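What follows is a short report on a single structure.
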Number of protein chains: 2
Amino acid sequence: MTKPQVARGRAEQSTLSRRERVREATLAEIKAIARRHLVEHGPSGVSLRAIAREMGMTAPGLYRYVSGIDALLIAITADMFDELADAVAAADASVPDEDTDRRILTSLRAFRSWAIDHRSEFAVMFGPRARLDPNADITPGLEAARRFAATFYTLFDRLLVERRFTLPDSGHVTPELDRELRSFAESCGFSAPHIPVEAVMVLTSCWVRLYGVVCMEVFDHMSIVMSDLEPLFESELHTVLADLGVRYEPPGG
Amino acid sequence: MTKPQVARGRAEQSTLSRRERVREATLAEIKAIARRHLVEHGPSGVSLRAIAREMGMTAPGLYRYVSGIDALLIAITADMFDELADAVAAADASVPDEDTDRRILTSLRAFRSWAIDHRSEFAVMFGPRARLDPNADITPGLEAARRFAATFYTLFDRLLVERRFTLPDSGHVTPELDRELRSFAESCGFSAPHIPVEAVMVLTSCWVRLYGVVCMEVFDHMSIVMSDLEPLFESELHTVLADLGVRYEPPGG
DNA sequence: GGTGTTTGCTAACGGTGTTCACTAAAGCGT
DNA sequence: ACGCTTTAGTGAACACCGTTAGCAAACACC
């Protein structure tokens, strides 16, 4: 009488006991409501009591599913990184595999679009950890964050093998920077041994530029001084891609 | 019998009644304690009740000085911008007036130094407005923020009149970007009529780059992947200044 | 000294996270 | 079908939080 369950998501056993299924469902409901409260009332508007109230139960009951408000926030942060990673990967997959240029362009635009369509989420993911202890265990989010970054790693790797741009003078890389860049390349997995540190520096530099524009836009500084930051993002995108030897096209088509 | 008061800070009457003086003092104490709680326990650790407790009074008493927790946060944010502006201006003033290159270098390094020495403050100032209503009145902070930016405006203006760098091709500036840049130049006061929009774009682009690195560092992303972001900041500073035709020197001397 | 303003208090309301003891139900083995 | 074990959820309680209302003491001023 046990109906076979379709596998949903990554790494999930297909056979779950009824209990595990309903448990999974209520946990999903908790996270969904928390997520909605986050976008509707900001990060401080997420409360266990409010979630429980909306679910028709009491706050202590939620402790059967989540070990506290911090863990809940960390969990939905991981989900959001997963979602962002999916959005970017989907954008990347929507253009022909060989067209590296447009794949990069589309993926980066997808990143910004997702960010401005999910400002509250972005603030939690990429802003300061305001509500959590500094020493909280955020490992669940890191895995998803890596998956998000992986898309750009592989695209950047293609630029390298195609020798699209000339690496900067290695004299610019101080010993300290060299050490940090190697640490970065090593711990992000994509450090195929052939990748020079200058390339890692270029990647980091480009990422910093686009991250900066998006942060400015989402965190809503400049809003008094500039009404729309999309033209600025496109301008930065243009010059960044030019430095990388990637063809730019205006967003219209 | 009224002792003459020395004028402290900007725009403060020298003669204050005794009552006004003690009132000013307790308000300063409130803000000082709030500030300390901010750096010690994060943004969510600032509470009126805790401040009152530490001052030996009760929370409702604070409402004689501050209209609520939001107004208090806005007030200390304004103070922090003032402090940052002072720090940057002091750094700028610490080098000979004619040495534009080193003035820029020193001012920008002072910005980063202040940021990493005051991470919690920076998060409140430049991060997402997590705890405030989106429609809160933050005008007190804007004035101080302008004063902070002014230092860089004047330095950048000197680069322009000295023609240190060639302006980018105006073909890169789309009509939409042109509109935003003019809006920016106009509302930041520094739009002397002779300043071309291409120059405003260069300024914005440079600012975005350095803002991005500092945000990354203060918000503590990358911490798993890079232990120290100063080399990266210096690298960005190097290339940014190179684009501006400004002489770079390593931080040591 | 009388008067009006300013200051700070207590009490109270409603909100939050979290723990603990407890009940009721669901699942499972026999 | 029965009993036992595991689990889900509740209610009360504690310690916080922001904020308002009403009231008493201290102060400034005439």
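As the structure is a prediction and not an experimental result, all values here were calculated from the model. Order of the sequence lines fixes the chain letters, A, B, ..., with proteins taken first and strands second; residue numbering starts at 1 for each chain.
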>> I need the CZ-C1' distance between B:R53 and C:dG8, as an integer number of Å.
In response: 17 Å
> Under a 4.0 Å N-O cut-off, is there an ion pair linking B:R109 with B:E234?
Replying inline: yes
>> Expressed as a whole number of angstroms, how long is the span from A:L27:CG to D:dG9:P?
In response: 11 Å
> CD1 of B:I51 versus P of D:dC16: gap in Å, rounded?
Replying inline: 16 Å
>> Just the rounded figure in Å: distance from C1' of D:dC16 to NE2 of B:H41.
In response: 14 Å
> Atom CZ of B:R19 to atom C1' of D:dC27: distance rounded to whole Å?
Replying inline: 5 Å
>> Is it true that A:S183 and A:E186 share a donor-acceptor pair across their side chains at a distance under 3.5 Å?
In response: no
>> Regarding B:T58, tell me which of base, sugar-phosphate or nothing describes its non-hydrogen contacts under 4.0 Å with the strands shown.
In response: base
> Are the charged groups of A:R209 and B:E236 less than 4.0 angstrom apart, N to O?
Replying inline: no
>> Using 30° and 60° as the class boundaries, would you call the ring planes of A:F126 and A:F111 parallel, tilted or perpendicular?
In response: perpendicular
> What's the CG-P distance between A:D70 and C:dT18, to the nearest Å?
Replying inline: 6 Å
> Does a distance-only test, which skips hydrogens and angles, find a donor-acceptor pair under 3.5 Å between the side chain of B:R64 and the base of C:dG8?
Replying inline: yes
> If you look at every strand shown and take non-hydrogen atoms under 4.0 Å, does B:G45 touch a base, only sugar-phosphate, or nothing?
Replying inline: nothing
>> Between A:R147 and A:D82 (salt bridge meaning N to carboxylate O under 4.0 Å), is one present in this structure?
In response: yes
> NA contact type, B:A50, heavy-atom cut-off 4.0 Å: base, sugar-phosphate, or nothing?
Replying inline: sugar-phosphate
> To the nearest Å, how far apart are B:Y63 OH and C:dC9 P?
Replying inline: 14 Å
> Taking for each residue the nucleotide of DNA chain D bearing the nearest heavy atom, is the 5' side occupied by B:S17 or by B:L48?
Replying inline: B:L48
> Rounded to whole angstroms, how far apart are CE on B:M57 and C1' on D:dG18?
Replying inline: 15 Å
>> Between B:R23 and B:P60, which residue's closest nucleotide on DNA chain C lies nearer the 5′ terminus?
In response: B:R23
